[in-house]
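Worksheet: one structure, shown below.
Side chains included, hydrogens not; waters and symmetry mates left out as well; all remaining heavy atoms used.
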Amino acid sequence: MFLNVTRRAILSAITATGIAATMAMPTLAADKIKLRLATSGSETDARSVAMAEVFGPMVADFADYEPGYNGTLFAQGTELEAISRGNLEMSIASAQELAQFFPEFSIFTAGYVHQDAAHQVAVFNDPLMDPFKQKVEDELGVKLLSVMYLGRRQVNLRQSKDELDVKTPADLAGVNLRMPGTDSWQFLGKALGASPTPMAFAEVYTALSTGAVDGQDNPLPTVVDAKFYEVTNQIVLTSHLVDLNYIAFSKAVWDSLTPEQQATVQKAADAAAESGRQKQLQKEADLVAFLEKQGLAIYEPDLAAFRDQVQSMYLESEFAQSWPDGALEKINALGK
């Protein structure tokens, strides 16, 4: 879980100690600067691989890229605070984590905001993101360089397609769908039309095999890794949440770089994100073929019907109260 801190508490602490204005920066006189990246992911995580194989070599002329895996540098959820305090140069940050400091970022954690990987990139590079990025720079001292694609969450059911053919949210009425236990996840399950059931991940396989739940939602790699395909019969490609991370960089370190070095860092971040994106998309495509060979029916429902209902319910909920006026409409306009 992410550290449950408020933006005001963190920023007040930084301001009170004067760290934000005087954080240590690498000197340009040194042969190379040090860029340490803290991540809770493993060395083989797709994001870690992209940064090590693409980002690191591209900045090697003037920087030593030093990743710290499995939370060894800083605990998960504390990385942004560490960058703010001048104790870290880089991290891989989620929208959920940024929303702890800036509630408006919760829009990027909601269902059907991002449509696919290409839409994520279009949104991140659009001027509508400028106020989001600027606020993070100004108040947290963190520069968001690029967006990384993590995958799409799909609905995975025990029933066969003959028993339950899901086209619209109405078809999920009465379906006991395992969702993570937080209020935001349970809300998303209801918005999809299902009856969400909170349950620990470790219990899901047994619950599916016994019929204690009718289904679960996760990206396809998780369906395969957890072997849920052994106890389910179909996957509905709802793509209700297109998950992401941001490559986060110390603004103080950024400002210490030459314009040429800044351009190289930006190019390296974009290249690493694109490399990881393409590999993840290919992995998802390969897993569709694998799951079909296991006998699962895999099909796409009426996505417009799902998107309309989910967005409508979000806009009427407390979750949307912090969203900037017109932001969702602008995001939608950049999609299909």
Between side-chain atoms of residues 50-69 and protein atoms elsewhere (two or more places apart, or another chain), which donor-acceptor pairs fall under 3.5 Å?
none

Q.
So Q266 and W254, do their side chains get closer than 4.5 Å, heavy atoms only?
A. yes
*Test salt bridge (Lys or Arg N to Asp or Glu O under 4.0 Å) applied to K161 and D165, step by step*: CA-CA 5 Å; K161 192 169 184 288; D165 188 0; 3.4 Å; yes
Residue set satisfying ring-ring contact (aromatic ring centres under 6.0 Å, His included) with F319, at least two apart, ordered chain then number -> F187
Shared ILVMFWY cluster between V204 and L157, side chains joined below 4.5 angstrom? no
- L172, L296: one ILVMFWY side-chain cluster at the under-4.5 Å cut-off? no
Output for pair (K251 NZ, D138 CG), nearest 0.5 Å, gives 8.0 Å
ILVMFWY network linking L237 to Y112, side-chain heavy atoms under 4.5 angstrom:
no
side-chain contact (heavy atoms from CB on, under 4.5 Å) test vs Q280 passes for just one of S275, P221, P219, namely P221
Contacts of S312 meeting side chain to side chain donor-acceptor pair (under 3.5 Å) (sequence neighbours excluded), chain-then-number -> none
In short, D217 meets P180 closest at the heavy-atom pair OD1-CD, 4.1 Å
OG of S239 to CG of L303, rounded to nearest 0.5 Å, is 6.5 Å
side-chain hydrogen bond (donor to acceptor under 3.5 Å, both in side chains) pairs touching residues 38-47, sequence neighbours excluded, are S42-T44, D45-R47, R47-N245
Q.
Do M148 and V49 land in one hydrophobic cluster if side-chain heavy atoms of ILVMFWY residues count as linked below 4.5 Å?
A. no
(request) Decide yes or no for W323 and E104: does some side-chain heavy atom of the first lie under 4.5 Å from some side-chain heavy atom of the second? (result) no
- Query: Does any non-hydrogen side-chain atom of Q311 lie less than 4.5 Å from one of N332?
  - Reply: yes
Look at the side chain of D116 and the backbone N and O of A118, then say whether any donor-acceptor pair between them is shorter than 3.5 Å.
yes
With sequence neighbours left out, the residues meeting side chain to side chain contact (heavy atoms under 4.5 Å, CB included) with A212 are A207, T210
Sorted by chain and number, sequence neighbours left out, side chain to side chain contact (heavy atoms under 4.5 Å, CB included) with Q282 holds for A285, D286
In short, G111 meets L188 closest at the heavy-atom pair CA-CD1, 4.0 Å
D308 side-chain N/O to A305 backbone N/O, donor-acceptor pair under 3.5 Å: no
Heavy atoms of Y314 and S184 approach each other most closely as OH-O, 4.3 Å
One should read off an interatomic distance between S146 OG and E274 CD, to the nearest 0.5 angstrom, of 8.5 Å
Which is it for V236 and Q154 under the side-chain contact (heavy atoms from CB on, under 4.5 Å) test, yes or no, and what are the steps along the way? CA-CA 6 Å; V236 190; Q154 317 291 5; over 6 Å; no
Student check: side-chain heavy atoms of L291 and V224 closer than 4.5 Å
yes
Grouping I, L, V, M, F, W and Y whenever their side-chain heavy atoms are under 4.5 Å apart, do M179 and L220 come out in a common cluster? no
| Going through the checks in order, is the side-chain contact (heavy atoms from CB on, under 4.5 Å) test met by H240 and V310? | CA-CA 9 Å; H240 49 274; V310 171; 5.9 Å; no
Exercise for the section: Would you check if Q115 and V242 make a side-chain contact, meaning some heavy-atom pair closer than 4.5 Å? Expected result: no
Q. Where the side chain of E79 meets the backbone of I92, is there a donor-acceptor pair that is under 3.5 Å apart?
A. no
Residues 135-186 vs ring pair (Phe, Tyr, Trp, His ring centres under 6.0 Å), sequence neighbours excluded, gives none
Shortest non-hydrogen pair, L241 vs A110, comes out as CD1-O, 3.4 Å
Check your understanding: Do the side chain of T232 and the main chain of F228 share a donor and acceptor less than 3.5 angstrom apart?
Key -> yes
Taken in chain and number order and not counting sequence neighbours, the residues that satisfy side chain to side chain contact (heavy atoms under 4.5 Å, CB included) with A248 are L80, I83, S91, A93, V142, L144
N/O donor to acceptor pairs below 3.5 angstrom from side-chain atoms of residues 122-130, sequence neighbours left out:
unit_1: N125; atom_1: ND2; unit_2: V121; atom_2: O; d: 3.3
unit_1: D126; atom_1: OD2; unit_2: L128; atom_2: N; d: 3.0

TODO: Take Q234 and I298 through the side-chain contact (heavy atoms from CB on, under 4.5 Å) test and state the conclusion after the steps.
DONE: CA-CA 6 Å; Q234 64 167 296; I298 302 179; over 6 Å; no
When every non-hydrogen atom of Q216 is compared with those of L177, the smallest separation belongs to N-CD1, 3.5 Å
So that I can tick it off, tell me whether K167 and D302 are bridged by a salt bridge, with the cut-off set at under 4.0 angstrom between side-chain N and carboxylate O. no
Rounding to 0.5 Å, atoms NZ (K143) and CD (E137) come to a distance of 4.0 Å
On a heavy-atom basis, the closest approach of A75 and T78 is O-OG1, 2.7 Å
Applying side chain to side chain contact (heavy atoms under 4.5 Å, CB included) to S322 and not counting sequence neighbours gives P103, S106
*asked:* With a 4.0 Å cut-off on N to O distance, would you call E163 and R158 a salt bridge?
replied: no
- Message: Is there a side-chain contact (heavy atoms from CB on, under 4.5 Å) between V147 and R277? Walk through the geometry before answering.
- Response: CA-CA 9 Å; V147 63; R277 184 178 302 113; 4.0 Å; yes
With heavy-atom distances below 4.5 Å as the criterion, would you say the side chains of I107 and I331 are in contact? yes
Quick one: does T109's side chain have a donor or acceptor within less than 3.5 Å of a partner on F105's backbone? no
Ring pair (Phe, Tyr, Trp, His ring centres under 6.0 Å) pairs touching residues 275-309, sequence neighbours excluded, are Y229-F290
In this structure, CZ of F102 is separated from CZ of F132 (nearest 0.5 Å) by 11.5 Å
Side chain proximity check, E89 to L37, heavy atoms < 4.5 angstrom: no
NZ (K133) and OH (Y246) are apart, to the nearest 0.5 Å, by 9.0 Å
Do E230 and Y205 have side chains that get closer than 4.5 Å, going by heavy atoms?
-> yes
inquiry  = With a 3.5 Å distance limit and no angle check, can you tell me whether D214 reaches the backbone of N176 through a side-chain donor-acceptor pair?
reply    = yes
Which pairs of donor and acceptor atoms, one on a side chain in residues 192-203, lie under 3.5 Å apart (sequence neighbours left out)?
none

Discussion item. Can a donor-acceptor pair be found, under 3.5 Å and without considering hydrogens, that links the side chain of E284 to the backbone of L281?
Written reply: no
